4 protein chains.
Amino acid sequence: MVLRVAVAGASGYAGGEVLRLLQAHPEVEIGALTGASNAGQRFGALQPHLIGLADRVLEPTNPQTLAGHDVVFLGLPHGQSAEVAAQLGEDVLVVDLGADHRLKSSADWEQFYGSPHAGTWPYGLPELPGHREALRGSKRIAVPGCYPTSVTLAMYPMYAAGLAEPEAVITAASGTSGAGKAAKAHLLGSEVMGSMSPYGVGGGHRHTPEMAQNLTPLAGEPVTVSFTPTLAPMPRGILATCSAKAKPGTTGAELRAAYEKAYGDEPFVHLLPEGQWPHTSSVYGSNAAVLQVVLDEHAGRIIAISAIDNLVKGTAGGAVQSMNIALGLPEELGLPLNGVAP
Amino acid sequence: MVLRVAVAGASGYAGGEVLRLLQAHPEVEIGALTGASNAGQRFGALQPHLIGLADRVLEPTNPQTLAGHDVVFLGLPHGQSAEVAAQLGEDVLVVDLGADHRLKSSADWEQFYGSPHAGTWPYGLPELPGHREALRGSKRIAVPGCYPTSVTLAMYPMYAAGLAEPEAVITAASGTSGAGKAAKAHLLGSEVMGSMSPYGVGGGHRHTPEMAQNLTPLAGEPVTVSFTPTLAPMPRGILATCSAKAKPGTTGAELRAAYEKAYGDEPFVHLLPEGQWPHTSSVYGSNAAVLQVVLDEHAGRIIAISAIDNLVKGTAGGAVQSMNIALGLPEELGLPLNGVAP
Amino acid sequence: MVLRVAVAGASGYAGGEVLRLLQAHPEVEIGALTGASNAGQRFGALQPHLIGLADRVLEPTNPQTLAGHDVVFLGLPHGQSAEVAAQLGEDVLVVDLGADHRLKSSADWEQFYGSPHAGTWPYGLPELPGHREALRGSKRIAVPGCYPTSVTLAMYPMYAAGLAEPEAVITAASGTSGAGKAAKAHLLGSEVMGSMSPYGVGGGHRHTPEMAQNLTPLAGEPVTVSFTPTLAPMPRGILATCSAKAKPGTTGAELRAAYEKAYGDEPFVHLLPEGQWPHTSSVYGSNAAVLQVVLDEHAGRIIAISAIDNLVKGTAGGAVQSMNIALGLPEELGLPLNGVAP
Amino acid sequence: MVLRVAVAGASGYAGGEVLRLLQAHPEVEIGALTGASNAGQRFGALQPHLIGLADRVLEPTNPQTLAGHDVVFLGLPHGQSAEVAAQLGEDVLVVDLGADHRLKSSADWEQFYGSPHAGTWPYGLPELPGHREALRGSKRIAVPGCYPTSVTLAMYPMYAAGLAEPEAVITAASGTSGAGKAAKAHLLGSEVMGSMSPYGVGGGHRHTPEMAQNLTPLAGEPVTVSFTPTLAPMPRGILATCSAKAKPGTTGAELRAAYEKAYGDEPFVHLLPEGQWPHTSSVYGSNAAVLQVVLDEHAGRIIAISAIDNLVKGTAGGAVQSMNIALGLPEELGLPLNGVAP
């Protein structure tokens with residue numbers, strides 16, 4: 001099987017990362033690369049690291065350029081995916097890298113994004129119980145947000161095993177690529193190098209309801225999420241420090257067992273041996289999530305920490321993994337497990 | 001008054017930063033610079049940024065080299081300060097940059113440091129109620145740890161005002177200089193650039209009991225601290241994200257008022273206007289702590305975030321500020337308020 | 001003497017750095033802070049590291065706001081200084097941080113900047129022979145470019161001593177703040193962290209004629225400059241690697257003597273002991289230039305390397321130093337010699 | 001064909017990068033991982049980013065552990081390769097990542113390395129005329145140094161085409177991984193972040209004679225190399241700025257043609273379109289070299305600039321590319337062309 005794949009939004013960070021991965025995928029032939037304001041430019045000027053595609057030209061995003069593909073990835077600004085997807089046939093696999101089809105609650109969508117809700121698609125986090133099955137054969141995939149991926153992988157086993165109280169307290173540090181490629185003064189290298197800073201504090205970040213949506217069904221009770229994202233001086237990576245009060249009587253052995261059970265067979269989630277902690281450098285460019293969990297007996301809290309590459313497992317890699325599942329290909333096909341370090 | 005000041009451990013990061021500040025202090029004359037393994041070397045080879053001291057020579061640390069000074073700063077490995085201090089006269093102001101004399105509980109000291117407890121000295125965090133007074137005229141000062149400084153400043157007002165439940169959940173990101181200048185492979189630039197990683201997770205960090213010691217008396221009940229430090233890819237700075245459940249009925253206005261009351265007259269603590277969040281870049285090289293606090297009504301939690309320079313307000317600047325108080329000098333003398341940015 | 005000083009362009013990087021330095025200057029009172037598009041905003045939102053000025057408000061740049069000051073610093077886009085300066089009295093000291101009044105050759109100006117030439121002002125590099133004298137009492141100062149400062153300090157002694165052939169080959173690495181605070185996609189943190197890249201290669205950089213203008217009179221023959229600037233993943237600092245063929249018979253001892261003679265009495269130029277090389281970290285936030293020079297006998301070339309902080313000695317610090325000279329104040333007043341490191 | 005491959009020095013940066021690449025190589029089965037002081041440790045503790053090898057154990061380097069492999073990569077300290085290679089059969093392909101077998105001149109070796117010369121092996125830079133042919137069928141390969149790779153690729157076409165005078169002036173900026181994984185204080189993250197610094201200035205760097213050895217035969221006259229390496233605040237990458245005087249009458253069109261001819265068919269050398277310049281970020285993790293060249297007519301010099309990943313094209317990738325050639329496999333097999341960016 002050779003799949004012909006188009007990427008809309010190919011000049012952005014998410015679209016570029018999809019292309020980096022797809023060029024190493026043995027069953028993929030790269031078709032149209034489309035964009036908006038940069039259409040007509042040589043691709044090598046827009047994504048100089050994608051050397052194998054340097055001589056291609058960015059085309060405009062429209063039904064004509066996207067026609068004739070088996071798979072279309074959408075790396076568009078929030079709110080634009082539904083319209084483009086509607087123009088594509090129902091037999092085309094559409095993978096939305098944006099937020100439009102992630103949330104089940106229209107109220108949450110409208111509160112956090114301020115536009116009409118476009119509906120929900122199967123959610124591309126195969127490690128979450130029941131989700132791998134739902135992706136098989138699907139023609140529409142909503143790729144999770146990068147923070148919800150890191151947090152859900154770190155926390156769901158403690159909730160699924162009934163070990164944690166339903167008040168999650170999370171601080172996550174993200175590399176700057178999570179903020180995209182649009183020129184903004186506060187994201188200049190001069191501003192971010194050597195600096196850590198929080199944003200969206202106090203419940204305001206758009207990824208908060210997505211985390212609650214993932215954790216609540218497994219906890220069997222509503223999980224409240226207190227989430228503080230911070231911007232770290234690095235281009236890629238998320239380190240999510242997630243904690244919750246342990247339910248009375250929880251032991252460290254139970255906790256460890258819950259994580260080993262959840263991830264023992266997962267190809268891309270790597271639970272570290274006890275005593276070793278995740279570094280974002282270990283997953284640079286990789287589709288792996290690296291995890292550790294511990295019970296702080298003095299404070300009575302569980303602390304679970306995950307490291308992912310926000311552009312790979314957090315976006316493009318998770319998208320390709322879900323594409324593989326949807327199409328019946330081996331789940332790991334074309335995806336790097338090892339990180340690029342140092 | 002011109003004070004003659006010696007620095008023991010002058011080739012380390014803490015000692016170097018004391019010297020950078022003291023060179024700009026109008027009442028100080030820099031006396032002996034002492035060290036251990038580097039004694040005999042030209043100072044410009046050890047601390048090339050201290051250009052004004054380049055032609056000095058590092059002397060060995062002993063009673064002879066430290067004699068004849070009004071003030072002696074000790075930047076020594078943990079456990080060595082008490083012996084050196086005992087050799088200095090009781091009329092000499094001794095400022096310990098290390099941990100030896102911070103903890104009141106001998107049990108805590110022995111659990112976290114593993115050596116006999118050397119006793120407690122007045123604690124150099126003048127912003128903490130009652131502490132400025134205790135420093136006046138003192139001849140011994142224990143400089144707080146960098147993490148406890150950032151956390152205590154961020155959290156004490158919510159406890160002093162009775163607004164927070166006594167279970168503090170803290171994640172802090174620190175620049176690498178906090179780990180010192182000793183050569184260790186995991187602190188190589190190749191390892192830390194582009195990477196975030198946690199350490200001492202689950203209650204193991206030595207600064208945890210110091211935080212509880214500071215917050216508990218103000219809360220009026222024992223405060224439990226869950227503290228997760230992380231290493232960030234930057235040379236300096238701490239961003240501490242501190243949260244606790246709000247006591248029932250707490251309002252955002254009460255919270256804001258508590259912080260305005262605590263810091264309205266403090267020269268080095270800067271509570272930001274609502275909506276603006278601290279960046280560590282704002283306090284690079286500065287003795288300021290920059291703070292913000294918010295009530296997350298959905299999650300029912302207070303989030304307070306502080307940014308400090310771990311080497312200035314977190315170590316050497318706090319030390320000089322306390323020295324000024326102890327000696328009856330203007331508290332701000334010789335200390336920078338503005339950060340070096342971008 | 002207390003000088004009332006205004007800064008036009010106070011929300012940019014150059015203007016901000018002037019203010020950081022002036023706040024520590026004992027003879028200065030800071031007057032108007034003015035700008036263009038940001039006028040009306042709280043200064044703490046624009047320059048959050050200038051904590052001592054946080055409550056000020058940015059005013060518009062016009063004759064009314066700039067009136068009534070003894071000194072006015074202009075941190076304006078290239079081509080705008082002449083008009084603003086013309087509105088200020090001849091008894092006001094005007095210090096232009098921009099390029100408008102640096103070049104003597106109108107042809108060079110028009111070729112590299114493309115607008116009419118505004119004329120030449122006394123050039124604020126006091127270390128260059130004859131320049132300190134020309135600055136005394138002047139009411140107009142053209143602050144040198146950051147690259148020309150680093151290159152001229154590194155190279156002029158080899159030319160003044162007649163030891164070097166007149167073909168200079170220079171590669172310089174600059175921190176990103178040299179490119180200013182305007183939002184541009186190629187200057188995003190995501191793009192510059194972890195990356196080195198050249199620009200303006202092959203003779204195109206605007207600072208090239210300024211370097212030739214400085215070196216030629218001292219060489220006594222026209223100096224040709226081949227200059228390659230590169231962007232380095234750091235916010236501040238320039239490391240300039242400058243080389244030229246040695247004139248026949250040149251010895252290492254002559255070379256060293258030429259630099260010792262040139263800089264033996266200079267307060268801000270620090271020639272390192274033989275065998276030690278400059279690091280930009282040593283001059284972070286400092287007005288010092290740190291230098292080393294060596295004769296490569298095998299290749300027959302002199303290599304001189306300088307490190308400066310592009311925003312201090314390369315811009316704002318050099319400006320304040322020249323202001324001190326022009327006004328008859330001690331040259332070092334209010335200027336930091338030590339760097340902020342690590 | 002499935003090759004069984006061992007890596008000696010597997011816990012270092014070069015060895016680790018070979019393993020990252022080999023895990024993606026379809027004809028390779030990874031055999032023994034060996035080392036010295038770390039032998040006996042779980043590999044996941046030593047190279048946490050090599051997730052696919054986490055459960056392996058590092059064995060000691062000796063004839064027994066290295067026996068039974070088709071290919072052995074040696075990532076050993078300089079001076080140790082010859083002895084280990086002598087213990088391996090003549091039918092085993094031995095790829096030396098170290099310097100021992102690169103230099104033809106025993107005098108150069110002894111001057112720069114200070115030990116007896118071990119002899120010369122076929123040199124693994126297939127892009128250099130004649131070298132690809134020499135590698136075919138060879139059982140011994142000397143992998144070039146990272147700086148010589150970047151410099152030779154940037155400069156050889158100007159010499160092969162007779163366009164440049166034989167005095168090369170080179171400044172290169174390298175990421176810190178080039179200095180290896182041994183703990184040294186001057187390579188701490190605190191020291192290198194935010195700082196550029198030179199080292200080995202004035203002809204002292206060990207890679208200088210290797211550059212001259214590569215360029216001289218193509219120039220047809222002895223090429224003198226003036227080489228200044230600098231350490232840049234990034235983990236990976238080399239940006240080499242290389243220049244030489246143009247021979248009289250050289251035109252920009254001739255220059256461009258020389259480079260197009262040299263690299264038109266090379267899979268891993270990418271000559272950029274005119275006006276676009278190399279960024280090290282474009283080749284992060286990639287085996288590509290990205291180049292640009294220009295004639296500065298005013299200064300009469302040619303400037304050629306290359307960007308490589310020091311650990312890939314500069315070490316491990318070049319090694320695998322040469323292995324492919326030696327064994328008659330497709331040259332590009334298992335090697336990434338695209339970089340990991342942003």
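These numbers come from the heavy atoms of this one structure, side chains and all, not from hydrogens, waters or symmetry mates. Since the model is a prediction, treat every value here as computed from it, not as a measurement. Protein chains get the first letters and strands the later ones, always in sequence-line order, with residue 1 at the start of each.
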Between A168(B), P278(B), S282(B), P235(B), which residue shows the highest count of heavy-atom pairs closer than 4.5 Å to chain A? P278(B)

Partner chain B: residue of V192(A), L231(A), I303(A) with the largest heavy-atom pair count (under 4.5 Å): I303(A)

Assess whether side-chain contact (heavy atoms from CB on, under 4.5 Å) is satisfied between K245(B) and E167(A), documenting all intermediate values. CA-CA 10 Å; K245(B) 256 181 120 152; E167(A) 297 182 331; 3.0 Å; yes

S190(B), S197(B), S195(B) screened by side-chain hydrogen bond (donor to acceptor under 3.5 Å, both in side chains) with S281(A), the one that passes: S195(B)

Salt bridge (charged side-chain N to carboxylate O under 4.0 Å, His left out) pairs touching residues 193-219 of chain B, sequence neighbours excluded, are R102(B)-E210(B)

Between A307(B) and chain A, which part of the residue has a heavy atom less than 4.5 Å away: side chain, backbone, both or neither? neither

Heavy-atom pair with the smallest gap, counting every atom of H298(B) and T224(A): O-CG2, 3.9 Å

Given that the side chain runs from C-beta out, which part of T208(B) has a heavy atom under 4.5 Å from chain A: side chain, backbone, both or neither? neither

For the residue pair I305(A) and T228(B), establish whether any side-chain heavy-atom pair is separated by less than 4.5 Å. yes

So with a 6.0 Å cut-off around CD of E297(B), is the heavy-atom count from everything else above 12? no

Where do A299(A) and V225(B) come nearest, in terms of heavy atoms and distance? CB-O, 4.0 Å

With heavy-atom distances below 4.5 Å as the criterion, would you say the side chains of I170(B) and T171(A) are in contact? no

For M196(A), does its backbone N or O pair with a side-chain atom of T280(B) as donor and acceptor, under 3.5 Å? yes

Chain A contacts, top residue of S226(B), G237(B), G203(B) (heavy-atom pairs, under 4.5 Å): S226(B)

Scored by heavy-atom pairs under 4.5 Å with chain A, the best of E191(B), H279(B), M193(B) is H279(B)

